[in-house]
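Below is one structure; the comments refer to it alone.
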Protein chains: 2
Amino acid sequence: MNPNDLLTIGDLARRTGLTPSAIRFYEDKGLLQSHRTGGNQRRFLRSDIRRLSFILIVQKLGLSLEEIGEHLRSLPQGRTPSSFDWWKISEAIRESLDRRIAQLQSLRDNLDGCIGCGCLSLKTCKLYNPDDVAAEGGPGPRVLR
Amino acid sequence: MNPNDLLTIGDLARRTGLTPSAIRFYEDKGLLQSHRTGGNQRRFLRSDIRRLSFILIVQKLGLSLEEIGEHLRSLPQGRTPSSFDWWKISEAIRESLDRRIAQLQSLRDNLDGCIGCGCLSLKTCKLYNPDDVAAEGGPGPRVLR
DNA sequence: GCTTGACCTCAAGTAAGCTTGAGGTTGCAT
DNA sequence: ATGCAACCTCAAGCTTACTTGAGGTCAAGC
């Protein structure tokens, strides 16, 4: 297969383990782009395999598609992203991951004092009020980020 | 207020910061029970304040209501939970929290090697396949637990 | 006894991240 | 030229964790 060949959505699905519907969904959300054939079918670049892999990996780290989109928009438009481009993104993600780990650790460290004692006072509980971390958030599932 | 007084749903809401609708929702899900007055209104025990506080706190640690329910079902039925009861639960939760932190740490440690290098090979990526961690999961939002 | 706020139920809406299905088109092989 | 898999769009459904609203009842103060 020539490196200039374009991939169908099915090809891309097979290479990434995603379903075509998921890929269309991501395109809808602006996480990748496609060209169209005369007959209106999508054609993708080979570099989109990497792009989707990135999405899958970073999703496992707990980032939302929204957040992933922001990172992806920092990639260069028009040229295939270089190693350095990806490295810059991975740095940014590692930092937020570090923050989340630290947060979870401090929550854990307060767990015994807070629940273990049985007092469970919402007013004094460090766990419940660790500096207003993850305070609001509107409707929908609330996940610690 | 006498310790034997029952609380209305509004009282409980005020004491916990939850809305009445959220409390009804939790009752629906079996996370707490209520008695009813002759006029079909809910009445709660004072120990339900603690129960709800527990739910709120543990939610911040990232557990789903489903998981929280499982923990709560391990509490004694019929008697007010003791400090020791709560302590046992907090131990169990701390352990799963520890596991999650360890998982995140190993993901982070692989981040540079995996994304940073730009290869992003799904087959060889440790990040993507850290022993099938968080593998499947059906529809709906996928969050690393 | 009457008003008023708090309560009740049930249905529908919201957000995220997709899937599933209906109804129709394309593209490749024979 | 035709058959069939793969593609297309658009609408609706699913899960989690709730909220909002409609339409109606209860309880407590005056």
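The distance from atom CG of A/Asp5 to atom C1' of C/dC28 is 15 Å, rounded to the nearest whole Å. Note: CG (A/Leu63) to P (C/dA16) measures 15 Å, nearest angstrom. Remark: C1' of D/dA17 and CG of B/Asp28 are 12 Å apart, rounded to the nearest angstrom. Between the CD1 atom of A/Ile9 and the P atom of D/dA5 there is a distance of 19 Å, given to the nearest Å. Separating the CG atom of A/Leu31 from the P atom of C/dA16 is a distance of 13 Å, rounded to the nearest angstrom. Rounded to whole angstrom, the span from the CD atom of A/Glu66 across to the P atom of C/dA15 amounts to 12 Å. The distance between atom CZ of A/Phe25 and atom P of C/dT20, rounded to the nearest whole Å, is 14 Å. Taking atom CG on B/Asp11 and atom P on C/dC7, their separation rounds to 7 Å, with Å as the unit.
Note that the CG atom of B/Asp5 and the CG atom of B/Asp11 stand 9.5 Å from one another [nearest 0.5 Å]. Taken from CG in A/Leu31 to CZ in A/Arg51, the straight-line distance is 7.5 Å, to the nearest 0.5 Å. Taking OG of A/Ser90 as the reference point, atom CG of A/Asp85 lies at 11.5 Å (rounded to 0.5 Å).
Although no hydrogens or angles enter the test, the distance criterion places a donor-acceptor pair under 3.5 Å between the side chain of B/Arg100 and the main chain of B/Leu61. In this structure, B/Glu67 contributes its side chain and B/Ser64 its backbone to a donor-acceptor pair below 3.5 Å. Not a single donor-acceptor pair under 3.5 Å links the side chain of A/Arg94 to the backbone N or O of A/Ile89.
Within the structure, a side-chain polar atom (N or O) of B/Gln59 is placed less than 4.0 Å from OP1 or OP2 of D/dC18. Phosphate proximity of D/dC18 to B/Ser21: absent, as no side-chain N or O sits under 4.0 Å from OP1 or OP2. In this structure, A/Thr8 reaches the D/dC7 phosphate: one of its side-chain N or O atoms is under 4.0 Å from OP1 or OP2. Within the structure, every side-chain polar atom (N or O) of A/Arg42 is placed at least 4.0 Å from both OP1 and OP2 of D/dC7. Contact annotation: B/Ser64 does not reach the phosphate of D/dT16 (side-chain N/O to OP1 or OP2, under 4.0 Å).
Among C/dT19, C/dC7, D/dC18, the nucleotide with an atom closest to any side-chain atom of A/Thr19 is C/dT19. Distances were taken from every side-chain heavy atom of A/Tyr26 (C-beta onward) to each of C/dG17, D/dT20, C/dC18; the shortest belongs to C/dC18. You'll find that the side chain of A/Leu65 is closest to C/dC18, out of C/dC18, D/dA17, C/dC8. Closest to the side chain of A/Arg36, from the set C/dC8, D/dC8, C/dT19, is D/dC8. You'll find that the side chain of B/Ala22 is closest to D/dC18, out of D/dC18, D/dC7, C/dC8.
Looking at heavy atoms from C-beta onward, A/Ile9 lies out of side-chain contact with A/Arg43 at the 4.5 angstrom threshold.
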Exercise answer: donor-acceptor pairs, residues 69-76 of chain B side-chain atoms, under 3.5 Å, sequence neighbours excluded:
from: B/Ser74; atom 1: OG; to: B/His71; atom 2: O; distance (Å): 2.6

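Residues A/Ser34 and A/Glu27 bring a donor and an acceptor atom of their side chains to less than 3.5 Å of each other.
Across all strands, A/Arg14 comes closer than 4.0 Å to no nucleic acid atom at all (heavy-atom distances).
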Start with the C-alpha distance between A/Ile49 and A/Leu7, add both sets of side-chain angles, then the distance that settles side chain to side chain contact (heavy atoms under 4.5 Å, CB included), and finish with yes or no.
CA-CA 9 Å; A/Ile49 299 175; A/Leu7 303 174; 3.8 Å; yes
How far apart are the C-alpha atoms of B/Arg50 and B/Trp86, what are their side-chain angles, what is the distance that settles it, and do they pass the side chain to side chain contact (heavy atoms under 4.5 Å, CB included) test?
CA-CA 10 Å; B/Arg50 190 164 288 179; B/Trp86 289 114; 3.5 Å; yes
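C/dA15 sits 24 Å from D/dT9 when the P atoms are compared, rounded to a whole Å.
For the helix from C/dG1-D/dC30 to C/dA15-D/dT16, the rotation axes defined at the first and last 5 base pairs enclose an angle of 30°, given to the nearest 10°.
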Using a 4.0 Å heavy-atom cut-off, write out nucleotides 21-30 of chain D from 5' to 3' as B (base contacted by protein), S (sugar-phosphate only) or - (no contact).
-----SS---
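Nearest-nucleotide assignment on DNA chain D puts the 5′-proximal partner with B/Lys29, out of B/Lys29 and B/Ile23.
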